[in-house]
Amino acid sequence: MNADSRTRLNQKPEWTALAKHREELGEVRLRELFAADPGRGAGYTLQVGDLHVDYSKHLVTDETLRLLRELAAAADVFELRDAMFRGEKINTTEDRAVLHTALRASRDAVIEVDGENVVPGVHAVLDKMAGFADRVRSGEWTGHTGKRIRTVVNIGIGGSDLGPAMAYEALRAFTDRELTVRFVSNVDGADLHEAVRDLDPAETLFIIASKTFTTIETITNATSARNWLLTELKADQDAVAKHFVALSTNSEKVSDFGIDTANMFEFWDWVGGRYSYDSAIGLSLMIAIGPDRFREMLDGFRLVDEHFRTAPAESNVPLLLGLLGIWYGNFHDAQSHAVLPYSHYLSKFTAYLQQLDMESNGKSVGRDGEPVQWQTGPVVWGTPGTNGQHAYYQLIHQGTKLIPADFIGFAEPVADLLPGLVGQHDLLMANFFAQTQALAFGKTPDEVRAEGAAEELVPHKTFQGNHPTTTILARELTPSVLGQLIALYEHKVFVQGAVWNIDSFDQWGVELGKVLAKRVEPALTEGAEVPGLDESTKALVAKYRELRGR
Ligand SMILES: O=P(O)(O)OC[C@H]1O[C@H](O)[C@H](O)[C@@H](O)[C@@H]1O
């Protein structure tokens, strides 16, 4: 691969061809595209596993898609994909392989990093997790006083929180109702306080999730949790082993904390934090849904991995979704991307995707160290419909910004919900379909007039339409479908990072704030002089101390 040639992405003929095509298309109207091709609705769809993906409501023609695929080919996306699956060190700034796909590889697969097959280790940890999860679920694992565990508290942040927290919500219908899981991430003590205040410590298991085991928020919360537990139980250090387990790549730090490394579930530096909830980081989820359903979820991931690895460009769904994002971000100046799940269970889905996408592709320097000269990752945002409809959809429909959106919905409600529900799922999904229709086709001034609107209100009641959306529809939100969805977004993000020639697997941008926080803390507590503190921050620190009466 030639990194230099990718750096000058916007000088490549494939890029120029897309820019020219964009100009020629001008303000292409979805109404016109559908009028010109009545088969578009059914034709612009792809299937991957259980996911039906409709991309007909995009501002694209066959030619657009062809040109986008050519751009991907010119950027060596598939070569980089193959290098990732082979275990090559494509995270160049950290000199690491990128092998979250190995976390869901089948037992007999062979994937080597530095000449060693990593798959047996992955399955050994999964088996160990399954054994532990079964013991907790059955009540065989007891706390220090002999009581069974009723609540699991996962303490972690970023990738060690968002994934399991999102998936626990998503799969709540599949959880053991006798056991609940809570998640603590914020270094604000209020988070831990609210999570444990009504718990019986004798029935509580803390899972300390941290890839590095050095993350200050997590170690601080874990230390406070240990203090709480030992004080409440009036127990000594021995009690820790029955109430604390760790998920980490760092056995030394785990044992320094006082957790028996026999109760540590390991993963590896080739798993990025935001790609890790299908590793040991998913232990809380596995305890909640059971090992079998966790494995079904892994099967879902693997299904989409295989699709991404083998499907031709024309039917490769992650490639398509990645390229559509590039079309809007690089050729229409779209700045953001909304993800709008029509499932209450996916309430944390977009928050999870924010880390996946924005920490991966929020970069402005290419893999060769040169500044990129094109837009990279979008701002990802959104909450579940229909709540968003009553809040910010106004701006999507009638504001001045182009906001491409993904709509995710399901034909069946997940669980046996309350018996008294009055056809709520069809109502939810009626909104789902109606919104993408309204966004795409809008309402013309003539249509508004025909409804008898007063002339002065016509411009206010007109909907321009032409707001592009992808619809992802599946029968039901099962563990496998969740795995499929996450893998789909992981690979979409991969495609975009590959085209933009950035390292999607490092996260140097989070470091500076951490270093400065460490430096500022003594100024808050002791009023220490912090060398190099700027005047604005110095004044704010002084104000803070004054407000705290220091
Ligand atoms: O799992 P940990 O090592 O505690 O890291 C937790 C999180 O914090 C870091 O600052 C990174 O930005 C994230 O990528 C990571 O997921």
Side-chain angles (χ1 to χ4, degrees), residues 90-91 93-100 103 125 129 153-168 183-188 191-192 206-226 244-257 259 264-285 348 350-365 377 380 486 489-490 493-494 497 502-521:
I90 64 163
N91 175 0
T93 70
E94 296 182 322
D95 192 28
R96 286 176 180 169
V98 174
L99 270 183
H100 42 278
L103 298 171
V125 173
M129 289 164 67
V153 180
N154 186 87
I155 297 181
I157 198 164
S160 300
D161 165 69
L162 290 163
M166 173 278 294
Y168 176 67
F183 294 86
V184 172
S185 54
N186 201 325
V187 76
D188 183 341
D191 197 1
L192 181 66
F206 289 98
I207 296 182
I208 313 304
S210 176
K211 179 176 166 180
T212 55
F213 230 76
T214 56
T215 304
I216 191 88
E217 291 86 343
T218 300
I219 301 308
T220 308
N221 273 322
T223 308
S224 299
R226 187 178 55 191
F244 282 79
V245 300
L247 320 174
S248 188
T249 58
N250 191 339
S251 51
E252 211 178 304
K253 293 274 179 202
V254 167
S255 117
D256 286 353
F257 183 83
I259 295 178
M264 168 178 156
F265 300 82
E266 172 194 25
F267 60 114
W268 306 271
D269 73 356
W270 40 261
V271 183
R274 54 196 175 274
Y275 297 86
S276 69
Y277 98 80
D278 49 341
S279 71
I281 291 295
L283 182 64
S284 55
L285 175 69
K348 295 189 173 169
T350 309
Y352 169 79
L353 286 188
Q354 285 181 322
Q355 188 198 14
L356 176 65
D357 199 322
M358 294 164 78
E359 201 171 66
S360 295
N361 285 342
K363 316 278 164 70
S364 51
V365 170
V380 176
I486 299 300
Y489 279 96
E490 284 178 350
V493 166
F494 175 92
I502 52 182
D503 186 336
S504 298
F505 303 100
D506 62 14
Q507 55 285 314
W508 299 106
V510 299
E511 294 304 322
L512 179 61
K514 287 188 198 174
V515 173
L516 294 185
K518 254 191 206 156
R519 229 185 273 167
V520 169
E521 200 192 352

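Start at 1 and go down the list; that is how both ligands and their atoms are numbered.
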Handout entry: Close N or O approach (Gln507, ligand 1; < 3.5 Å)
Key =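 No, no N or O pair falls under 3.5 Å.
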Problem - Nitrogen or oxygen atoms of Gly273 and ligand 1 under 3.5 Å apart - result: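 Such a contact does not occur with ligand 1.
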Problem - Step-by-step side-chain contact (heavy atoms from CB on, under 4.5 Å) determination, Met166 to Ile486 - result: CA-CA 11 Å; Met166 173 278 294; Ile486 299 300; 3.5 Å; yes
Problem - Enumerated ligand 1 atoms positioned under 4.0 Å from heavy atoms of Lys211 - result: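 Those atoms are 1 (O), 2 (P), 3 (O), 4 (O).
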Problem - For Phe257, ring-ring contact (aromatic ring centres under 6.0 Å, His included) partners two or more places apart - result: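 Once residues adjacent in sequence are excluded, Phe257 has no partner under the ring-ring contact (aromatic ring centres under 6.0 Å, His included) criterion.
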Practice task
Given side-chain contact (heavy atoms from CB on, under 4.5 Å), test Lys211 with Ser276 step by step and report yes or no.
Solution key: CA-CA 9 Å; Lys211 179 176 166 180; Ser276 69; over 6 Å; no
Looking at [X] and [Y], what are the two nearest heavy atoms and their distance?
X: Ser160; Y: Ser210; result: OG-CA, 3.8 Å
X: Asp278; Y: His100; result: OD2-O, 4.0 Å
X: Glu266; Y: Ala280; result: O-CB, 3.7 Å

Identity and separation of the nearest protein heavy atom to [atom]:
atom: atom 3 (O) of ligand 1; answer: Thr212 OG1, 2.6 Å
atom: atom 6 (C) of ligand 1; answer: Ile157 O, 3.2 Å
atom: atom 16 (O) of ligand 1; answer: Gly159 N, 2.8 Å
atom: atom 14 (O) of ligand 1; answer: Glu359 OE1, 2.6 Å
atom: atom 5 (O) of ligand 1; answer: Thr215 OG1, 3.5 Å

Exercise for the section: Could you tell me if any non-hydrogen atom of Lys514 lies under 4.0 Å from any atom of ligand 1? Expected result: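 Lys514 counts as a contact of ligand 1 under the 4.0 Å cut-off.
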Handout entry: Non-hydrogen atom of Gln355 closer than 4.0 Å to ligand 1
Key =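 For ligand 1, residue contact (heavy atoms, under 4.0 Å) with Gln355 is present.
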Handout entry: Structural part of Val510 in contact with ligand 1, heavy atom criterion under 4.0 angstrom
Key =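 Side chain only.
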Exercise for the section: Could you tell me whether the side chain of Thr249 and the main chain of Trp268 form a donor-acceptor pair under 3.5 Å? Expected result: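 Pair absent, no side-chain N/O of Thr249 close to backbone of Trp268.
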